[in-house]
There are 2 protein chains.
Amino acid sequence: MARDKAETKARILAAVGKLLAESGFKSLGVNAIAREAGVDKVLIYRYFDGLPMLLRQFAQAGDYWLTMEALVGDESAVEASTLTDWMTYLLLEFMGDLQERSITQEILRWELLEGNELTNELAQVRDQLALDSLKFLKSKGEFPEGQDVPAISAVLIAGVVYLTLRAKIHRTFLGIDFSSPQGWQRIESALASIIQSTLQEQECS
Amino acid sequence: MARDKAETKARILAAVGKLLAESGFKSLGVNAIAREAGVDKVLIYRYFDGLPMLLRQFAQAGDYWLTMEALVGDESAVEASTLTDWMTYLLLEFMGDLQERSITQEILRWELLEGNELTNELAQVRDQLALDSLKFLKSKGEFPEGQDVPAISAVLIAGVVYLTLRAKIHRTFLGIDFSSPQGWQRIESALASIIQSTLQEQECS
DNA sequence: ATAGTTTGTCACTGGTCAGTGACTTTTGTT
DNA sequence: AACAAAAGTCACTGACCAGTGACAAACTAT
């Protein structure tokens with residue numbers, strides 16, 4: 001092997017991503033990483049000072065969520081006018097994006113079992129994204145009185161995350177089939193419907 | 001130790017529950033179970049034919065969810081009249097109950113990583129409970145047209161499960177503090193509000 | 001070119017794990 | 001009392017794991 005420290009470090013970092021995406025965090029150990037990278041494990045200790053520091057470094061390179069920029073960078077391209085439209089748009093985009101991100105899903109699974117360098121980093125960026133989204137939404141229209149929009153968002157996002165994580169393991173949940181686009185279609189409609197009903201001002205009792 | 005096969009089997013099963021509740025499924029191995037039960041591990045193979053069969057047996061003794069009976073056994077004791085009231089009542093009871101069930105939570109975590117004897121059993125009972133609930137709700141009032149109540153329920157239940165599992169590991173989610181009763185209060189209100197808005201017939205446009 | 005440092009290889013320790021075979025002790029049956 | 005089956009003990013294998021120390025090869029600065 002060519003003696004190239006930078007290259008070796010890159011291979012190790014890449015191996016972390018590949019293992020996470022393909023086999024999950026369960027099998028993410030020093031030995032497995034070294035094997036995957038085709039590198040001696042002692043280099044992990046030498047270059048990264050152990051697994052925790054390696055994970056921290058991996059986290060920093062992270063690109064685990066879409067950004068507000070990518071979401072609404074060009075507002076005019078999005079067909080949404082009302083607060084309801086925007087919130088629906090953001091949540092469905094978030095869901096679609098999450099489904100594509102194997103690594104992010106894996107870190108979210110991890111987060112349910114223990115906190116570590118990776119999950120903390122991910123959680124921080126996620127919360128920031130949610131905060132930005134809420135601020136953005138506020139600019140699109142006043143939140144209805146008496147509705148705790150952050151709490152409602154938390155419930156819906158939590159639901160989306162759970163369904164996404166679970167769908168990778170089990171086909172169905174509560175009788176809904178998540179192996180078919182129809183199942184996801186029902187969830188999308190349900191989300192849209194919930195947002196619409198909940199955010200709409202109730203002028204008549 | 002007294003030579004009592006039945007007693008020994010009971011100790012082993014009890015050890016599974018204790019380990020699950022206290023240390024999670026990660027540490028649930030043959031060695032750990034035998035150690036916890038104060039029993040030689042070879043007996044696990046002799047009496048249960050290995051870990052998978054032991055888990056299956058553990059699952060059958062299961063009492064992992066509340067039953068419809070316990071929920072609405074005495075309907076007159078519940079202050080709920082409308083469909084909305086009932087659905088809110090069921091979901092909040094479900095949430096409160098889940099928070100108390102360490103073993104169930106642990107199996108739900110497990111379910112997000114892999115399927116096994118325990119998670120399959122749990123999922124089956126859970127789905128049956130949800131089905132019964134929906135049937136019960138239907139007896140309390142027609143579902144509003146154009147609303148996919150099962151899908152909406154799935155989203156809300158998924159959200160509740162995710163928030164419950166996550167709260168055991170991290171204090172906050174999207175800025176909401178789940179270590180305080182106030183945080184959970186906000187979630188409860190949000191759920192009630194979502195159900196109310198979504199199920200309510202919209203007579204005025 | 002030579003000395004020192006960096007890069008990478010290798011072999012090892014001590015620990016945990018699942019699983020098995022051989023053993024002793026108790027119990028119940030005849 | 002004798003014997004067989006059941007209950008429980010013990011010691012071991014082979015595999016994997018994290019982490020470390022000793023070493024060889026290559027590059028660099030003098």
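Chain letters run A, B, ... following the sequence lines, proteins first and then strands; every chain starts at 1.
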Participant: Within this structure, what is the CZ-to-C1' distance between A/R35 and C/dT9, rounded to whole angstrom?
Facilitator: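 Between C1' of C/dT9 and CZ of A/R35: 17 Å.
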Participant: Could you write nucleotides 19-30 of chain C as a row of B, S and -, 5' to 3', where a protein heavy atom under 4.0 Å of any base atom gives B, of only sugar-phosphate atoms gives S, and otherwise -?
Facilitator: BBB---BS----
Participant: Figure out the CE/C1' separation between A/M53 and D/dA18, and round it to whole Å.
Facilitator: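 It is 17 Å, rounded to the nearest whole Å.
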Participant: Whole-Å distance between C/dT7 P and A/F48 CZ?
Facilitator: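 My rounded result for the distance is 12 Å.
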Participant: Rounded to whole angstroms, how far apart are CD1 on B/I44 and P on D/dA7?
Facilitator: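 So the two atoms are 16 Å apart, to the nearest Å.
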Participant: May I ask you to check whether over 12 heavy atoms, not counting those of A/R56, lie within 6.0 Å of atom CZ?
Facilitator: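 Counting neighbours around CZ of A/R56, 12 or fewer heavy atoms of other residues, nucleotides or ligands fall under 6.0 Å, so no.
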Participant: Apply side-chain hydrogen bond (donor to acceptor under 3.5 Å, both in side chains) to B/Q185 and list each qualifying residue two or more places apart in sequence or on a separate chain.
Facilitator: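 Partners of B/Q185 by the side-chain hydrogen bond (donor to acceptor under 3.5 Å, both in side chains) criterion come out as none, since no residue qualifies.
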Participant: Step by step, work out the side-chain hydrogen bond (donor to acceptor under 3.5 Å, both in side chains) result for B/Q147 and A/S193.
Facilitator: CA-CA 7 Å; B/Q147 299 286 42; A/S193 171; 2.4 Å; yes
Participant: How about A/E79: does its CD atom have over 12 heavy atoms from other parts shown lying under 6.0 Å from it?
Facilitator: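 Result for CD/A/E79: open.
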Participant: Show your working on side-chain hydrogen bond (donor to acceptor under 3.5 Å, both in side chains) between A/Q124 and A/N120 and close with a plain yes or no.
Facilitator: CA-CA 6 Å; A/Q124 191 196 311; A/N120 292 339; over 6 Å; no
Participant: What is the distance from CD1 of A/I33 to P of D/dC16, rounded to the nearest Å?
Facilitator: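 A/I33 atom CD1 is separated from D/dC16 atom P by 17 Å.
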Participant: Rounded off to whole Å, could you give me the CZ-to-C1' distance for the A/F25 and D/dC17 pair?
Facilitator: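 My rounded result for the distance is 17 Å.
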Participant: Is the phosphate of C/dG8, meaning OP1 or OP2, less than 4.0 Å from a side-chain N or O of A/Y47?
Facilitator: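 For A/Y47, the contact criterion (side-chain N or O under 4.0 Å from OP1 or OP2 of C/dG8) is met.
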Participant: Calculate the interatomic distance between A/L43 atom CG and C/dT9 atom P; express it in whole Å.
Facilitator: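 Rounded to the whole Å, the gap is 7 Å.
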Participant: Starting from P on C/dA18, measure out to CG on B/L55 and report it in whole angstrom.
Facilitator: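 Atom CG in B/L55 sits about 12 Å away from atom P in C/dA18.
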Participant: Is the distance from OP1 or OP2 of C/dG8 to the nearest side-chain N or O of A/T8 less than 4.0 Å?
Facilitator: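 Yes.
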Participant: Please tabulate, for the side chains in residues 153-167 of chain A, all donor-acceptor contacts under 3.5 angstrom to protein atoms that are two or more places apart in sequence or on a different chain.
Facilitator:
residue	atom	partner	partner atom	Å
A/S153	OG	A/V149	O	2.8
A/T164	OG1	A/V160	O	2.7
A/R166	NE	B/E111	OE1	3.4
A/R166	NH1	A/T172	O	2.6
A/R166	NH2	B/E111	OE2	2.6

